[in-house]
There are 2 protein chains.
Amino acid sequence: MNSKVVTIQDVAIVAGVSTATVSRALSKPEKVNKATREKVMAAVRVTGYRINQTARNLRKKEAGAVVALVPNLGNPFFSSILSGIESVLAKEGLSLLVVDILQTSFEREQAYDYLSMNQADGLLVLDGTLDLTNLNDGSVSSELPPVVYCCEWGTDPRFGSVRVDNHQGSQLAVSHLHTLGHKAIGLVRGPAENRLTAARQEGFEAAILKHSLPLRTEWLIDGGFSLEAGVQAAHQWCALEERPTAIFCMSDEVAFGFISELDRLGFSVPKDVSVVGFDDIAIAERFIPSLTTIRQPRFRIGQEAAGKLLRRIAGEVENRAESEATAHRTVLPVELIERQSTAPVSEKQRAL
Amino acid sequence: MNSKVVTIQDVAIVAGVSTATVSRALSKPEKVNKATREKVMAAVRVTGYRINQTARNLRKKEAGAVVALVPNLGNPFFSSILSGIESVLAKEGLSLLVVDILQTSFEREQAYDYLSMNQADGLLVLDGTLDLTNLNDGSVSSELPPVVYCCEWGTDPRFGSVRVDNHQGSQLAVSHLHTLGHKAIGLVRGPAENRLTAARQEGFEAAILKHSLPLRTEWLIDGGFSLEAGVQAAHQWCALEERPTAIFCMSDEVAFGFISELDRLGFSVPKDVSVVGFDDIAIAERFIPSLTTIRQPRFRIGQEAAGKLLRRIAGEVENRAESEATAHRTVLPVELIERQSTAPVSEKQRAL
DNA sequence: CATATACATGTAATCGATTGCAGTCAAAAT
DNA sequence: ATTTTGACTGCAATCGATTACATGTATATG
C-alpha cells in the first residue's frame, strides 16, 4: 500500500481529524473523545502507522535513552548489572545505550556529550575512575545533570550512587576466616587507583584489627579484578616466607586466577590456603572448589540505579528526611556465601 | 553565560553567517571557505555549541544507532561479542542500543519497531529463535531492512549473518577425542529449539560416523547452554548403564556445570571422563581442570557483524562474485584449544 | 434566556539541523 | 570587454510530532 513512510498526517487524513487530535489520541487518550479515539486507532491500524521517535524526541526535548558507561563490556561482572538496568528501563520505554569505555578510547569529555547532544536523558556510570567533576563546568553549569554511579561513586556527593557496603563485605570475609581459625590472612587488592579497592581494603584492615589479627604489609598483595591478576598474586603468595593461611580476593575473577595458578604450582585450596572472593558471579558456585564469596546483588544494583536515575530525570528530588549526602547514596547489603574454598585452618598450615 | 541551549542559530549569529554555512562548516568542511570555517569554529568554541543529534537525525532520517537483540544479557558469552560490536560502531560514531529479550518480555513484533520508529538504523540479532520473517510484511515490504544475525542465522537467506563453522567445531572436538582413543563419545546438546544445537549435533554425528564410532541415542543428552543444564546432564551421564568415556558439551557453561556436578558425585575429569566445551570463554583457561574447548572468536564475530550491518545500512550490496546466498553469510573458523579436561582413554575406563 | 464552564478539536508555531535552489562575486576564458 | 565557470553563501522549506492557544459546542447555573 504505502511505499512511503506513514506519518501522523496520513493517519489524520484517514481518520478525518487533525494531526493534533491524532497525537493526543495516542499520547493522552483521556483528552480525546472515545468515538474519535477509536476512529484514530482504526486509522492507525489501517495505515500501519508507527510513531517516529526522533521527531517526538526533538519536540519534547527528550532522548528516550540512557547511557551506561561500562569500563569493560567483556567483563561478565557487568552483564547482570546491565540486565537489571535494562529491566527497569524497558518498563519505562527507555532504551539503553551501552558504551564500552575501553573500546571507545573514551575521553572524559565525551561523558556528557551524550547529554548535551540530546542523545541521552541520563548517565549511568559503572566506573568510578571516570571523574565527572567537569560535568559542572559546561553550559549546564547551574543544574546537576542526571547521573548515577553504579557499584561506584564519584567525588561530587550530589551525584547519585548505588553500591554495596564494601566495608561490610570485607568484614564478613575476615570474620568468616577468623571463625575458621585463620590468623594469617592476606589480601589480594583490586586495581590501585580504584575506589572499591580502597574501601574494601579499609574494611579489611578494620576487621583484622577488630579481631586482633596480625596485619602484615607483605600480606597485602597488589592485584586487580582480572584472572590474570589472580595468577600473578598466586606467585606472590608462593614467594612469601610466611604464607597467610587464608586470602581474601577483591573479586571472584582474581580468586579464580589465584586458585587456578596455585593448583598449577602444586597447592590446593582450601587445604593449603582458604580463599574468599567478592561478587558471587554465576560460576562461583560451580568452580572447583566452589568459591566462598561475598555476594553483590548485581541485578538489583542495576535496577536500583536505573530507578534512581529515572527519578532524577523526572526531576524528583530525593529528599527523604535523610541528610543531603545520604539521600543521594543507596547502599545495599552484601551477603557471605559459604562454599568449599574455605576450610578450618589445619595443623599442617599452622606449622608453616 | 548561556542559560539556554546553544543552537546552530546562536553560532551563526556570533560568526556572522547563516545557519546553512554553520551546518556545512561542521559536516562538510571542504565546501566552505577556510576563513569562514575558522570564524564558525571560533564561534562554536565561544558559544560552547554542541550539535543536537535528535534534530540532525530527524532531518537526515537516520537514527545514529544500532540495536542489538540479546537473548540474555546476563550470559557472559555475549559480552565479548557486544564489545566487538561496540568497537566498530564507536568508530563510526554510532551508538549501540542493547535490548535484553529476556528482561523485556520481548514480542517478536517489537523487533522492527526500532527500525520503523526510527530508533535504529539496523538490527543485530544474537538469537536465532527470534524469527524475523514478518519483517517482510510491514510497510517496508519491498526493501530488506538492515539486519544481521550474530552467531546465529534465520530462515530468510537474505538476512546477513556472521557465525562460526559449527559443523567444523563439532568435528574438531570429536577428532580430538578420537585421537585420544575415545570410542564412546557422548553429547550434551544445547536448547532443543536452537539452530546452533542442530548444527552442532549434525557435525557431531557426521564426525562420529566418519571415525566409525558408535552413535548411541542414549549418549545424546538433552541440555542447554547453562550451568544448570550441565548439572542435570551430569546426573544423566551418571545414570547411564554404559557411560561414554568422553563428552562433548555444546557450550563451556554446560561443561562447567557438568564437570562440577560430576566432581560432587565423586567422578573426576579427565580421569573418569574427558570433556570438551564450546566457546572458550575467559574462565575456561582457569577452570580446574582447564577446559579443552572449541574457540569462537567472539570479539571478532561482533566486529564482523557490525561491519556487515554498517555496509548494509550504507546500502552497499554485498555482491562479491560469490553466490547470492553465501554473500550474505560470513562463516568464521573455529579452533580447538587443548587443555586439561581431556586425556587419553585409560584402561580403567575401557573396562567399564 | 443569558452567561459560565467544561470538553473536544483544529490551527499553526515550534523543536534544531540539513539541503535544494538561487544568488553573488571574482577569476578565468574568449 | 563580455561571458563562462566555479566557489561560496544565504534563503527558506523540510523532517514528523507536540502543544499553546483559539474556536466551537454542549451542559450547567443564575
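Letters A, B, ... are given to chains in the order of the sequence lines, protein chains preceding strands, and every chain is numbered from 1.
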All N/O pairs under 3.5 Å across the protein-nucleotides 5-9 of chain D interface:
unit_1, atom_1, unit_2, atom_2, d
D:dT9, OP1, B:Thr36, OG1, 2.1
D:dT9, OP2, B:Asn33, N, 3.0
D:dT9, OP2, B:Thr36, OG1, 3.4

* Can you check salt bridge (Lys or Arg N to Asp or Glu O under 4.0 Å) on A:Lys308 and A:Glu304, steps first, answer last? -> CA-CA 6 Å; A:Lys308 190 182 277 272; A:Glu304 297 272 344; over 6 Å; no

Please output the side-chain donor-acceptor pairs of residues 56-73 of chain A that fall under 3.5 Å, not counting sequence neighbours, one pair per line with the distance.
unit_1, atom_1, unit_2, atom_2, d
A:Asn57, ND2, A:Gln53, O, 3.2
A:Asn57, ND2, A:Ala63, O, 3.2
A:Asn72, OD1, A:Gly74, N, 2.9

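For A:Arg45, there are no side-chain hydrogen bond (donor to acceptor under 3.5 Å, both in side chains) partners two or more places apart in sequence or in a different chain.
Side-chain contact between A:Leu96 and B:Leu97 is absent, with no heavy atoms from C-beta onward closer than 4.5 Å. The shortest side-chain heavy-atom distance between B:Val17 and B:Thr36 falls under the 4.5 Å cut-off. Looking at heavy atoms from C-beta onward, A:Ile85 lies out of side-chain contact with A:Gln303 at the 4.5 angstrom threshold.
One interatomic measurement links the two molecules: CD of A:Gln119 to C1' of C:dA17, which rounds to 14 Å at whole-angstrom precision. In this structure, A:Lys39 places its NZ atom 13 Å from C1' of C:dG10, rounding to the nearest Å.
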* In dot-bracket form, how is DNA chain D paired, counting a Watson-Crick or G-U wobble pair only if both its distances are under 3.5 Å and using | for bases paired to another strand? -> ||||||||||||||||||||||||||||||

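Annotation: the span from A:Asp100 atom CG to B:Leu82 atom CG amounts to 9.5 Å, rounded to 0.5 Å.
Each of A:Tyr149, A:Phe159, A:Trp153 was evaluated against A:Arg329; a single residue qualifies, A:Trp153, per the side chain to side chain contact (heavy atoms under 4.5 Å, CB included) test.
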* Contact state string [nucleotides 12-17 of chain D, B base, S sugar-phosphate only, - no protein heavy atom under 4.0 Å] -> -BBBBB

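Between the side chains of B:Asp10 and B:Thr47, not a single donor N or O lies within less than 3.5 Å of an accepting N or O.
Pairs passing the side chain to side chain donor-acceptor pair (under 3.5 Å) check and including a residue from residues 13-25 of chain A, sequence neighbours excluded, read A:Ser18-A:Thr21.
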